[in-house]
Amino acid sequence: MKIPLNNPYLTGNELKYMKKSMESGELVGGGEYTHKCEDLLEREFGAKKVLLTSSCTHALEMASLLVGLGSGDEVIVPSYTFVSTVNAFVLQGAEPVFVDMREDTLNMDESKVEEKISKNTKAIFPMHYSGVACAMDEIIDIADRHGLRVVEDAAQGVNAKYRDEYLGTIGDLGTYSFHGTKNYTCGEGGALVINEDGFIERAEIVREKGTNRSKFLRGEIDKYTWVDIGSSYLASELTAAFLYAQLEELEKIKKKREKTFGFYHDNLKDLEEEGKLRRPVVPEDCEVNYYSYFVLLPSEKKRNSVMEKLKNSGIQATFHYIPLHTSPMGAKFGYKKGDLPTTEKVSNRLLRLPFYTEIEKEKQKKVIEELERCV
Ligand SMILES: Cc1ncc(COP(=O)(O)O)c(C=O)c1O
């Protein structure tokens, strides 16, 4: 039995909506399905404005442009994140200032943020690992006291909450991913969440190659033209049609994943109590979206040997991020191994288990049995 790490879930309405979009002749983004997705996300999450984008990477790039990050600016960011969180502003000439992680949630350690602030700091980009929220109250408080912008990388946090607020709607801007590996997917896609009125008009322009085409489409002007910098960040209508079928099942998908998460969590409790592994920690003020399931093994050596043994049994379990400060690009920004001890200690012990919306119980059972055998 082969067990993949991921396997996208289909609701069954994807083709129907794509066909409708094809038959309408409306393939260019910004049409009916784009608006349906944006309206649904705004309504469900109480977001001020949501703009569908071609990826979360692009939404992060838009956020960097909107915040006005550029040469000489510094951005405080976790090292344990996907490259896009950082590339987004490095592309504009800004520099990452990496902050160490919390050992419980694996998110950026809010107690270490303030000491990283310099006269060049312009923004904080927290990333909610595996849909578990960063300590946003503390982060927003620091940002407010120092006049910094906050951009949430909620790529993995769609439909997850911190206290009473949905992830992505708490900072000045937030970003979502609908990549093929995510809870709600369209292959490649994303969204920018705009929580401050002042960014809305310019965000529409930046998404439309620096033109005021959105205003033109709404009939507010009679022709559109080049008014600012921008790029091609709009998702196509076909993508939006596919995504809408998924977003319609926002809660159904979450419930299915909750069961999968719960099954691993309950059945791995004994191994945790025996000190053989650690399970994910979800603080009380976080409501997760069950993005992934991972365990922390006692050492890197153990993690690698368990990963290899699972692989030999047909189970695709993987490591996750190589901390960015230890990467070749991290070295270019002056970082080296040893700079962020908790990030280094935790990241090399992490093992992601197969986790997807409709994974069969027998597959989960096999993963658990193999773990019991080899941890
Ligand atoms: C934390 C994080 N940020 C950004 C991204 C980029 O998302 P996308 O593939 O939609 O560009 C990902 C995707 O895996 C991610 O996990």
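Since the model is a prediction, treat every value here as computed from it, not as a measurement. Order of listing sets the numbers, starting from 1, for every ligand and every atom in it. Side chains are part of it too, since the values below use all heavy atoms of this structure and drop only hydrogens, waters and symmetry mates. Starting from 1, each residue takes its place in the sequence as its number.
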Contacts table for residues 23-32: side-chain donor-acceptor under 3.5 angstrom, sequence neighbours left out:
from, atom 1, to, atom 2, distance (Å)
E23, OE2, K19, NZ, 3.1
S24, OG, S21, O, 2.7
S24, OG, E26, N, 3.1
E26, OE1, E32, N, 3.1

More than 12 heavy atoms from other groups under 6.0 Å of CZ on F319: no
Distance from atom 7 (O) of ligand 1 to nearest protein heavy atom, with residue and atom: C56 CB, 3.2 Å
Where ligand 1 meets S55 - atom numbers and elements under 4.0 angstrom, heavy-atom basis: 10 (O), 11 (O)
Atom 3 (N) of ligand 1: nearest protein contact (heavy atom, Å): D153 OD2, 2.7 Å
Residue M127 vicinity, atoms of ligand 1 by number, heavy atom under 4.0 Å: 1 (C)
Protein heavy-atom partner closest to atom 13 (C) of ligand 1 - residue, atom, separation in Å: K182 NZ, 3.1 Å
Region of H58 that comes within reach of ligand 1 [heavy atoms, distance under 4.0 Å]: neither
Y129/H320 aromatic ring centres below 6.0 Å: yes
Region of Y321 that comes within reach of ligand 1 [heavy atoms, distance under 4.0 Å]: side chain
Residues K345 and E103 bridged, charged N to O under 4.0 Å: yes
G189 to ligand 1, any heavy atom closer than 4.0 Å: yes
For atom 12 (C) of ligand 1, closest protein heavy-atom neighbour: F82 CD2, 3.5 Å
Pair E370 + R373, salt bridge at N-O below 4.0 Å: yes
Distance-only check: which donor-acceptor pairs under 3.5 Å involve side-chain atoms of residues 11-18, not counting sequence neighbours?
from, atom 1, to, atom 2, distance (Å)
T11, OG1, N13, N, 3.2
T11, OG1, E14, OE1, 3.4
T11, OG1, E14, OE2, 3.3
T11, OG1, A245, O, 3.4
E14, OE1, T11, N, 3.3
E14, OE1, G12, N, 2.9
E14, OE2, T11, N, 2.9
E14, OE2, Q246, NE2, 2.8
Y17, OH, E248, OE1, 2.8
Y17, OH, E248, OE2, 3.1

Contact (N/O only, under 3.5 Å) between S177 and ligand 1: yes
Part of T57 within contact of ligand 1 (heavy atoms, under 4.0 Å): both
Taking atom 9 (O) of ligand 1 as the reference point, the nearest protein heavy atom with its distance: H179 CD2, 3.6 Å
Test applied, side chain to side chain contact (heavy atoms under 4.5 Å, CB included); reference residue, P354; option that passes from I3, N7, L310, T260: I3
NZ/K116: more than 12 non-hydrogen atoms of other groups inside 6.0 Å: yes
Region of A155 that comes within reach of ligand 1 [heavy atoms, distance under 4.0 Å]: side chain
For atom 16 (O) of ligand 1, the protein heavy atom that lies nearest, with its residue and separation: Q156 NE2, 3.1 Å
Interatomic distance, Q316 atom CD to K2 atom NZ [nearest 0.5 angstrom]: 10.0 Å
